[in-house]
Amino acid sequence: MTDLHIFAASGVELRAKALQRARKRLQQLGFTVCIDGSARARYQRFAGTNEARLETLYRIADAAPSVALACRGGYGLTRILDGIDWQRLARSVDQGTRWVGYSDMTALQLGLLAHTGRISWHGPMAADDFGWEPEVSPANSDQMEMREITAECFAQALSGELEAVGFKTELGFDGLDVRGVLWGGNLAMVCSMLGTPHWPHIKNGILFLEDVNEHPYRIERALLQLAQAGVLQKQKAVLLGQFSDWKSSPLDRGYTLKHAVAAVRQAVGVPVLTGFPFGHVPLKLTVPVGMRVQLVVQGRDVLVGW
């Protein structure tokens with residue numbers, strides 16, 4: 001069985017029952033699960049003080065489990081980026097540890113890539129994606145199916161069985177065939193790292209992005225920031241995931257996320273594809289951050305393989 005450690009290094013985790021449900025579901029997937037003490041740590045809105053959360057990362061890194069799975073995101077890793085011993089984390093990757101998460105974990109993943117070139121995994125988190133309460137309503141059957149796909153993809157990606165993911169995008173990209181380093185994550189976190197020592201300077205890569213609770217104009221602004229900083233133009237392609245849980249405004253007057261994406265496409269000369277299945281939603285793929293991949297489009301079908 002594969003050993004998996006659940007840890008908290010960002011926001012405080014208050015969902016004790018969700019963690020126990022996550023443990024059970026992960027065990028059913030074939031993992032031996034250890035819940036680190038950081039999942040019970042409390043300091044303001046964080047899973048411990050800055051020093052405690054650094055120690056959490058080092059404790060997990062030194063244990064070098066097969067999988068280091070964040071229990072949740074929130075906010076907190078930005079506070080400790082400057083203090084992380086990146087080589088200590090890199091040694092855990094060299095011993096076989098796959099650090100997994102999304103949202104605030106984007107900061108750790110991009111910092112690890114920038115400082116060491118090591119690969120991590122953008123994927124589900126324990127409490128958020130494996131700790132959901134059982135639903136019996138037929139209205140939730142689609143959501144249940146999406147969660148099951150998320151779990152299956154997670155297990156197969158981390159076992160090495162899964163080496164490619166597919167999805168559908170808009171028309172207009174048929175025949176695209178590019179190779180490059182896959183990188184990215186949460187859009188707000190990506191933008192927050194721009195210009196810092198923790199920024200990975202990836203050229204000719206494939207950048208993927210998602211966000212939550214951000215209106216399309218804010219998404220457009222953040223993407224244009226990356227364009228104006230010259231980041232988007234240096235990529236072979238940009239993959240947009242799900243931008244969920246935003247509310248329209250009376251000021252929009254027909255303005256939607258589709259119009260925001262169109263404005264970004266007009267500003268950059270690289271393919272910007274929508275539909276990548278990941279984000280703050282029940283269905284999310286598990287994909288490598290920092291690994292060289294191939295992206296192929298046939299009609300509306302997109303395949304990303306590594």
Side-chain angles (χ1 to χ4, degrees), residues 10-11 45 73-79 81-82 101-111 113-114 122 128 167 169-170 172-173 180-281 284-285 287 289 295 302:
S10 297
R45 62 179 296 116
Y75 169 69
L77 283 167
T78 301
R79 278 189 166 201
L81 287 177
D82 291 342
Y102 67 104
S103 195
D104 199 53
M105 273 290 287
T106 298
L108 187 73
Q109 293 165 334
L110 295 190
L113 180 59
H122 197 88
D128 290 333
F167 63 97
T169 191
E170 301 164 87
F173 302 98
V181 171
L182 184 67
W183 68 296
N186 177 259
L187 177 59
M189 294 307 304
V190 169
C191 286
S192 75
M193 299 180 76
L194 189 62
T196 73
H198 315 296
W199 175 261
H201 295 273
I202 305 296
K203 295 182 180 180
N204 299 317
I206 298 171
L207 174 64
F208 65 95
L209 300 162
E210 62 81 29
D211 219 321
V212 63
N213 292 326
E214 299 285 5
H215 189 281
Y217 84 84
R218 296 173 66 91
I219 301 300
E220 177 183 325
R221 183 172 63 194
L223 290 171
L224 288 177
Q225 179 188 0
L226 293 176
Q228 290 159 2
V231 175
L232 299 189
Q233 295 90 327
K234 294 177 182 177
Q235 308 307 309
K236 292 285 188 66
V238 178
L239 306 181
L240 299 182
Q242 306 305 303
F243 295 90
S244 56
D245 295 341
W246 57 272
K247 296 180 180 180
S248 60
S249 163
L251 299 176
D252 291 336
R253 299 175 62 83
Y255 173 83
T256 66
L257 184 60
K258 184 176 181 178
H259 296 95
V261 173
V264 174
R265 284 175 174 154
Q266 188 174 10
V268 300
V270 300
V272 178
L273 283 64
T274 60
F276 196 40
F278 83 105
H280 289 69
V281 290
K284 56 177 66 68
L285 304 179
V287 297
V289 177
L295 183 152
V302 184

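These numbers come from a predicted model, not from an experiment.
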Contact between [X] and [Y] at the side-chain level, heavy atoms closer than 4.5 Å - yes or no?
X	Y	result
L240	L223	yes
D104	M189	yes
Y217	L251	no
Q225	L194	yes
W246	P216	yes
I202	Q235	yes
F276	V287	yes
H122	F208	yes

Taking atom [atom1] of [X] and atom [atom2] of [Y], what is their separation to the nearest 0.5 Å?
X	Y	atom1	atom2	value
M193	N186	CE	CG	11.5 Å
H201	K234	NE2	NZ	8.0 Å
T106	Q109	OG1	CD	5.5 Å
F278	L239	CZ	CG	8.0 Å
Y102	D128	OH	CG	4.5 Å
W199	S192	CH2	OG	9.0 Å

Might you work through the side chain to side chain contact (heavy atoms under 4.5 Å, CB included) test for L232 and V264, ending with a clear yes or no?
CA-CA 10 Å; L232 299 189; V264 174; 4.0 Å; yes
Which pair of non-hydrogen atoms, one from [X] and one from [Y], has the smallest distance, and what is that distance?
X	Y	answer
H198	D82	NE2-OD1, 2.7 Å
S10	G73	CB-O, 3.3 Å
S103	G74	OG-N, 4.3 Å
A263	L224	O-CD2, 4.5 Å
E210	H280	OE1-ND1, 2.9 Å
L108	L77	CB-CD1, 4.0 Å

Would the number of heavy atoms belonging to other residues, nucleotides or ligands and lying under 6.0 Å from CZ of R45 be above 12?
no
Determine, step by step, whether F243 and L187 satisfy the side chain to side chain contact (heavy atoms under 4.5 Å, CB included) criterion, reporting the C-alpha distance in whole Å, the side-chain angles of both residues, the deciding distance to 0.1 Å, and the verdict.
CA-CA 10 Å; F243 295 90; L187 177 59; 4.1 Å; yes
May I ask you to decide whether K258 forms a salt bridge with E170, counting only side-chain N to carboxylate O separations under 4.0 Å?
no
Under 3.5 Å: donor-acceptor pair, side chain of Q233, backbone of A227:
yes
If we ignore hydrogens and angles and just use 3.5 Å, is the side chain of T169 paired with the main-chain N or O of T274 as donor and acceptor?
yes
Can you check side chain to side chain contact (heavy atoms under 4.5 Å, CB included) on W183 and I206, steps first, answer last?
CA-CA 6 Å; W183 68 296; I206 298 171; 5.9 Å; no
Taking side chain to side chain contact (heavy atoms under 4.5 Å, CB included) as the criterion, tell me which of D211, L110, V231 meets it with V190.
L110
Is there a side chain to side chain contact (heavy atoms under 4.5 Å, CB included) between T196 and L81 once you walk through the steps?
CA-CA 10 Å; T196 73; L81 287 177; 5.9 Å; no
Would you call the rings of H215 and Y255 parallel, tilted or perpendicular if under 30° counts as parallel and over 60° as perpendicular?
parallel
